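Here the structure is a predicted model, which is why all the values come from computation and not from measurement. Atoms within a ligand are numbered from 1 in the order they appear, just like the ligands themselves.
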Amino acid sequence: ATVPAPPQPTAVRRATRRIQVGAVAVGGDAPISVQSMTTTVTADIDATLQQIAELTAAGCDIVRVAVPSQDDADALPTIARRSPIPVIADIHFQPRYVFAAIDAGCAAVRVNPGNIKRFDDKVKEIAHTAGQAGIPIRIGVNAGSLDPRILAKHGGRATPEALVESALWECSLFEEHGYTDLKISVKHHDPPTVIRAYRLLAVGCDYPLHLGVTEAGPAPQGTIKSAVAFAVLLNDGIGDTIRVSLTGPPVEEVKAGNQILASLGLRPRQLEIVSCPGCGRLQADLYRLTAQVQAAFDGFPHPLRIAVMGCVVNGPGEAREADLGVSCGNGKGQIFAHGTIITTVPEHRIVDTLLEEAMRLAEHTEPE
Ligand code: SF4
C-alpha cells in the first residue's frame, strides 16, 4: 500500500496591504514579526531602554510602551530615538498623547477606540497628523473595552462578530478621511473566539493583522493558548505580526513568539533541544541533565538540534534527526552526531563534550 501524501501544512499567506512600522515592514510578503510590550514605567527612561535592549537581544522585532500619563508622553522622544527597534506608543483614554507620540518620533501608535472618549470627533485630526508623519495606527480592539453601543447590539457579549464590527467601524472612520495606514487586532482571552474573530476579519478587510490572545495568563497556560490560536490562524495564512501575552517577564513572550513561528516553519530554525519524556528504561537524572544542557546552550547562535535521551536502548535511533545528542546509561553518556555514536564520556563530562562537539559542528554552519 502507498502512504498518501500529507496535506500542505501551511496555506498561502493572506494577501494584505503592507505597512511600515519604522524599519520593520508588516503585512504583504514581509516576514511575520514578533512583538512585546515593556512592563517598566515608561517615564523611567533608563529602565525602559534597558528592558527594550533585553527584548531586542531575545529576538523582539517591535516593542510597545504604555503611555498613561504626561510623564510617559514626555519620555517618548528619548525612548524612540535610542531604542534599537521600532517603538509603538500604546494610548488609552487620551487622544492628546497620540499627537505627542507622533511628535516624539514613535514608529506607530496603538489606539483602543473603545477607551478613547469622544474618539470619533478626533479621528479627522489624528488621521491628518499621522498621515502627514507617515505613521501607521493599530486599531486594537479588546473584549474588555468594547464600544458600549456595539456591546449592547450583540447582547452584552464580546462575540467574534462584535469584536470585528467594532474594528471595521473604527477603520471606516479613518477611511472617511483617506487614511488607510492601519493594522488591526481583535483580542479575547478565549482561543476559539480569537480564531473566529480573525477569520471573520480576514475576509472583511485587507489590512495587516496583529494576532494576540489577551489576558492569556502565566506560562505555560498563556503560551499554550496563544500557540493554539496562532497555529490555527497562521496555518490559514492569517496573521502578519504576533504578540504572545504572558503574565511574566516580557522576554518570555518574545522567546515563545519566536518558538511558535519557528515551529511552524515561519522563522528560520533556532537551536532546539529535543529530549525524550523518560520511561521505565530511564538511566539518568534526565530532568537535571536536560536543564543543564538547556542552560549551557542558551544563546548559542547556531540552529543545531541537540537531543538528550534517557537510555542507550533507543537514544541515537530515536534522535536520528538531531545534529548532536547524548544517550545515558551506566553513569556514562554516549555522544552521537546524526545518529552515529562518536564517543562515550562519564556523566559529569556530558555537557562540556556536547558544547565542544557543537562548536566543531557550528564551524560548518552559518549562524542565524
Ligand atoms: Fe524511554 Fe529511553 Fe525512549 Fe527515553 S530514550 S523515552 S528512556 S526508551
Could you give me the CA-CA distance, side-chain angles and deciding distance for Val98 and Lys122, then say whether side chain to side chain contact (heavy atoms under 4.5 Å, CB included) is met?
-> CA-CA 10 Å; Val98 175; Lys122 289 281 174 197; over 6 Å; no

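Residues Gln51 and Thr38 bring no donor and acceptor atom of their side chains to less than 3.5 Å of each other. Counted by atom type alone, Arg138 and Ser185 present one or more donor-acceptor pairs between their side chains at under 3.5 Å.
When the side chain to side chain contact (heavy atoms under 4.5 Å, CB included) test is applied to Leu282, the partners found at least two apart in sequence or on another chain are Leu286. Listed by chain and number, the residues in a ring pair (Phe, Tyr, Trp, His ring centres under 6.0 Å) with Tyr179 are Phe174 (sequence neighbours excluded).
Atom 4 (Fe) of ligand 1 has Cys276 SG as its protein N, O or S neighbours under 2.8 Å.
Residue pairs satisfying the salt bridge (Lys or Arg N to Asp or Glu O under 4.0 Å) criterion with at least one member in residues 201-223, sequence neighbours excluded, are listed as follows: Arg17-Asp206.
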